[in-house]
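For reference, the structure is listed below as structure tokens.
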Number of protein chains: 2
Amino acid sequence: MQPIASARVVDVVRDQLRSAILAGDLAPGSRLSVPELARQLGVSRSPVREAVLLLVGEGLAVEQSRRGVEVARLELGDVLELYELRISLESLAARHAAERMTNTDLVALRGVLDAQGAAAVGDARSFRELDLRFHEIVSQTCGNTRLARHAALLAREMRLAAPLMVNEPWHLRQSHEEHRTIERALRQRDGPAAENAMREHLGRVCQSVRNRHSTTP
Amino acid sequence: MQPIASARVVDVVRDQLRSAILAGDLAPGSRLSVPELARQLGVSRSPVREAVLLLVGEGLAVEQSRRGVEVARLELGDVLELYELRISLESLAARHAAERMTNTDLVALRGVLDAQGAAAVGDARSFRELDLRFHEIVSQTCGNTRLARHAALLAREMRLAAPLMVNEPWHLRQSHEEHRTIERALRQRDGPAAENAMREHLGRVCQSVRNRHSTTP
DNA sequence: TTCCTGCTTTCTACATGTAACACTCTCCCT
DNA sequence: AGGGAGAGTGTTACATGTAGAAAGCAGGAA
């Protein structure tokens, strides 16, 4: 059996807070009061304080000096910054993943895409979930552990901006097709093709977010 | 006067520990015992514990589950990972910096390069210091705050690998010339040229590190 | 010698105590 | 009515207490 070192309270609290933030239960701008959270979670303040600091390190929360920590509020500019970074990092990851992915990884990736193809019709929530899984698999199999870690951080931080995303069905379907193109390149072990496909995919999504908000400010 | 919010003990401790690590006073692999450090620094364990966790978040230390935290030990593979990321991020930063740098920034950059040109002869330590400043200025003026933050983290983490670096005078001189090329592109506001120059510069440095250690393992 | 066992020491992880500070609300003075 | 003092509340930041676990060491058996 694997090491179950996650019996640590701080890890549990961090995961719970992260889930609550990403699910929207803790809205952007909410103050994260350590004593209050400790009471609600039934633990002492120490692990809560640590967990909150870790979330700050992940970019999910921001601390203003002496006034405590609050859930990060992402503007359009932040999302564009994040996309720019994701384009750079994930296209690099895709290139390496094409050379280093195992067949098991490819099967998993195909599974995610098939599920996404089935869900793509109107269920934006499931679609986004599978989108995350797709990008996560590519990033985590690139062989560069630091690249994987930074990419995961960026992807998570971006989830805070869910309300700014474009959820039109045709747009989701287009994303799905682009995912298929990326997967094809990965399966053929064509690094440059995977890199380009990933860059174009994220670039197009970024552009659509930008258009969406420049026309309806 | 500006807000002197940095009277916080945790910030002071973090800076001291970081300096000690980067200066080599705390060698890679050293255990960071919270009670011991608290005694030495004359503060309680709480801020020390927080500071240590922050350093883990920065990649300067690693925690093995339940066995505490120790200063990160960078192998050749880690350095290559870091260079790959830096190439990706800093070349992107250079492109944007070309468009967004102020004239004041350019003057500062030129100043760093002139100092580097004067120091390049045999003083590898000063040279490296100015190398850091050069890359820092470019990254910090790119206009993308997250990109700047991630680039700064990578540059700092890489300082842990000082013993693996190549310090031959001809190599330093070559780096300096490449810096000049980058600066020229930035001054001419030529984004793509700055991007390419940065990518080639870091790529060459990375390659020289790789060669150095594949021939003398 | 090598291996096992039990003790000792130290640390981590969590809990709790507390001074100083920030915000809010009330009430009084002008 | 409007503005400001001041109490009251809640928080942060740091200090300290402590159970349990891990590492190191000693000593004895094979």
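Keep in mind it's a predicted model, so treat the numbers as computed, not measured.
- Between Ser44(B) and dC14(D) there is no side-chain N or O to OP1 or OP2 distance below 4.0 Å.
- Summary of helix geometry: the two end axes of the helix from dT1(C)-dA30(D) to dT30(C)-dA1(D), each defined by five base pairs via their C1' atoms, are inclined to each other by 10° (rounded to 10°).
- Map Arg67(A) and Ser46(A) each onto its nearest nucleotide of DNA chain D; the residue landing nearer the 5' end is Arg67(A).
- Residue Arg49(A) places at least one side-chain N or O under 4.0 Å from the OP1 or OP2 atom of dA13(D).
- When heavy atoms are screened at a 4.0 angstrom cut-off, Arg31(B) is found touching the sugar-phosphate backbone but no base atom.
- A salt bridge links Arg18(A) with Glu58(A); the closest basic N to acidic carboxylate O contact falls under 4.0 Å.
- Nucleotides of DNA chain C nearest to Gly68(B) and Arg45(A) differ in position, and the one nearer the 5' end is that of Gly68(B).
- From Ile137(B), atom CD1 reaches atom CG of Leu132(B) across 11.0 Å, with rounding to the nearest 0.5 Å.
- The pair Arg199(A)-Glu195(A) counts as a salt bridge, with a side-chain nitrogen and a carboxylate oxygen less than 4.0 angstrom apart.
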Step by step, work out the side chain to side chain contact (heavy atoms under 4.5 Å, CB included) result for Arg100(B) and Cys142(B). CA-CA 6 Å; Arg100(B) 297 178 199 171; Cys142(B) 74; 5.9 Å; no
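- Closest approach to the Pro47(B) side chain among dA15(C), dT12(C), dA15(D) is made by dA15(D) (side chain taken as heavy atoms from C-beta onward).
- Between Arg39(A) and dT11(D) there is a side-chain polar atom (N or O) within less than 4.0 angstrom of OP1 or OP2.
- dT12(D) atom P lies 11 Å from atom CD of Gln64(A), rounded to whole Å.
- Side-chain atoms of Pro35(A) lie closest to dT11(D) of the nucleotides dA15(C), dT11(D), dT12(C).
- Salt bridge absent: Asp78(B) and Arg73(B) never bring a charged side-chain N and a carboxylate O closer than 4.0 Å.
- Using a 4.0 Å cut-off between a side-chain N of Lys or Arg and a carboxylate O of Asp or Glu, Glu183(A) and Arg187(A) qualify as a salt bridge.
- One finds the CD atom of Glu50(A) at 9.5 Å from the CG atom of Asp11(A) (value rounded to the nearest 0.5 Å).
- Using a 4.0 Å heavy-atom cutoff across all strands shown, Leu32(B) reaches sugar-phosphate atoms only and no base atom.
- For Asp11(A) and dT12(C), the CG to C1' distance is 13 Å, given to the nearest whole Å.
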